[in-house]
J.: 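Sharing a structure, written as structure tokens. Questions coming.
Atoms within a ligand are numbered from 1 in the order they appear, just like the ligands themselves.
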Amino acid sequence: MYQLAPSMLSADFNRLGEQLQEIEKAGNEWLHVDVMDGEFVPSISFGMPVIASIRKESNLFFDVHLMITEPIRYIQEFADCGADMLTIHVEACEDVARTIEKIRECGCKVGITLNPGTPLAEITPFLELVDMVLIMSVNPGFGGQKYIESSTGKIAELREILDEKKLHVDIEVDGGINDETLPIVLDAGANIIVAGSAVFHGDIAANVRKFNKALHK
Ligand code: DX5
Ligand code: ZN
């Protein structure tokens, strides 16, 4: 299964509903929703009220990336406002296994992620417990950054580990994905592709179709 997950962070928030409709009408299924708390990352984005509001008008799968300290405090609220999947940072949780368990209890799919500087070994103990691993290919906090080259090896290594363990876990990649970097991450083994600026700058529907064409060929 391949999916494009357009990152809402790069949307024009004055026209958010309209832009999400465009994505859905272009045949896309996923939406990547970046939540930032100004503590785990330097920036603050948006939270539950915005997610609840777009949920009313959207059938997209809400892939919510929690860049927040101790996300366990808010799992229930994110589930209630309409998240389909919650991805937590291994660096942000005191008790990762308990946080994962809490996400399951709330009925959401589970993703785990790590910063570019964090070794894969930090997440390998949790691979049996999650639906998806997100490989951050930029330092989290802002859209429009350059792809960090060492992410390619990390994706490939993770794909190998998952194959070895015979685990059906998705690999998502987030940060700096465009026409140039897309073939590289696909080749390395990623199957869920986050793209912010490459989707929301210019003709959104055309960008979504172009990405999906590359993903489904
Ligand atoms: C960065 C976010 C990303 C970001 C990606 O902290 O997690 O989802 O929006 O944006 P681009 O695709 O522009 O690098
Ligand atoms: Zn993200």
J.: Determine the minimum heavy-atom distance between R55 and L60, stating which atoms define it.
T.: NH2-O, 2.6 Å
J.: Measure the acute angle between the ring planes of F13 and F46, then classify it against the limits of 30° and 60° as parallel, tilted or perpendicular.
T.: perpendicular
J.: In the protein, what heavy atom is nearest to atom 6 (O) of ligand 1, and what distance, to one decimal place, separates them?
T.: G141 N, 2.7 Å
J.: With a cut-off of 4.0 Å, which atoms of ligand 1 are near a heavy atom of A195?
T.: 12 (O)
J.: Show which atoms of ligand 1 fall inside a sub-4.0 Å distance from at least one heavy-atom site of S197.
T.: 11 (P), 12 (O), 13 (O)
J.: Counting N and O atoms only, with roles assigned by atom type, does the side chain of S137 sit under 3.5 Å from a partner on the main chain of G175, one being a donor and the other an acceptor?
T.: yes
J.: Using 30° and 60° as the class boundaries, would you call the ring planes of Y2 and H216 parallel, tilted or perpendicular?
T.: perpendicular
J.: Measure the spacing between CD of E101 and CD1 of I103 and express it to the nearest 0.5 Å.
T.: 11.0 Å
J.: To which protein heavy atom is atom 1 (C) of ligand 1 closest, and what is the distance rounded to 0.1 Å?
T.: F142 O, 3.5 Å
J.: Heavy-atom contacts with G144 under 4.0 Å: which atoms of ligand 1 show up? List them by number with element.
T.: 10 (O), 11 (P), 13 (O), 14 (O)
J.: According to salt bridge (Lys or Arg N to Asp or Glu O under 4.0 Å), does anything in residues 11-33 pair up with another residue at least two apart or in another chain? List the pairs.
T.: R15-E18
J.: I need the nearest protein heavy-atom contact for atom 12 (O) of ligand 1: residue, atom name and distance, please.
T.: G196 N, 2.7 Å
J.: Taking 4.0 angstrom as the limit and counting only heavy atoms of G175, give me the atoms of ligand 1 inside it, by number and element.
T.: 14 (O)
J.: Heavy-atom distances under 4.0 Å decide this one: backbone, side chain, both or neither, for S7 against ligand 1?
T.: side chain
J.: Give the atoms of ligand 1, by number and element, whose distance to some non-hydrogen atom of M67 is under 4.0 Å.
T.: 6 (O), 7 (O)
J.: Distance under 4.0 Å to a non-hydrogen atom of P140: what atoms of ligand 1 satisfy this?
T.: 6 (O)
J.: Could E157 and K154 be called an ion pair, given the rule that one side-chain N must be under 4.0 Å from one carboxylate O?
T.: no
J.: Roughly how far, to the nearest 0.5 Å, is the OG atom of S45 from the CZ atom of F142?
T.: 10.5 Å
J.: Taking side chain to side chain contact (heavy atoms under 4.5 Å, CB included) as the criterion, tell me which of N115, T118, L114 meets it with H89.
T.: N115
J.: With a 3.5 Å distance limit and no angle check, can you tell me whether Q145 reaches the backbone of N139 through a side-chain donor-acceptor pair?
T.: yes
J.: Pull out every atom of ligand 1 sitting under 4.0 Å from any heavy atom of L9, numbered as shown with elements.
T.: 9 (O)
J.: So which heavy atom in the protein is nearest atom 10 (O) of ligand 1, and how far is it from that ligand atom?
T.: G143 CA, 3.6 Å
J.: Can you report which non-hydrogen protein atom sits closest to atom 14 (O) of ligand 1, along with the distance?
T.: G176 N, 2.8 Å
J.: For A198, does its backbone N or O pair with a side-chain atom of N178 as donor and acceptor, under 3.5 Å?
T.: no
J.: Distance under 4.0 Å to a non-hydrogen atom of D174: what atoms of ligand 1 satisfy this?
T.: 2 (C), 3 (C), 4 (C), 5 (C), 7 (O), 8 (O)
J.: Quick one: does any side-chain atom of T87 pair with a main-chain N or O of L134 as donor and acceptor, under 3.5 Å?
T.: no
J.: Any salt bridge between R104 and D131, counting N to O under 4.0 Å?
T.: yes
J.: Is any protein N, O or S atom closer than 2.8 Å to the Zn ion (ligand 2), and if so, which?
T.: H32 NE2, D34 OD1, H65 ND1, D174 OD2
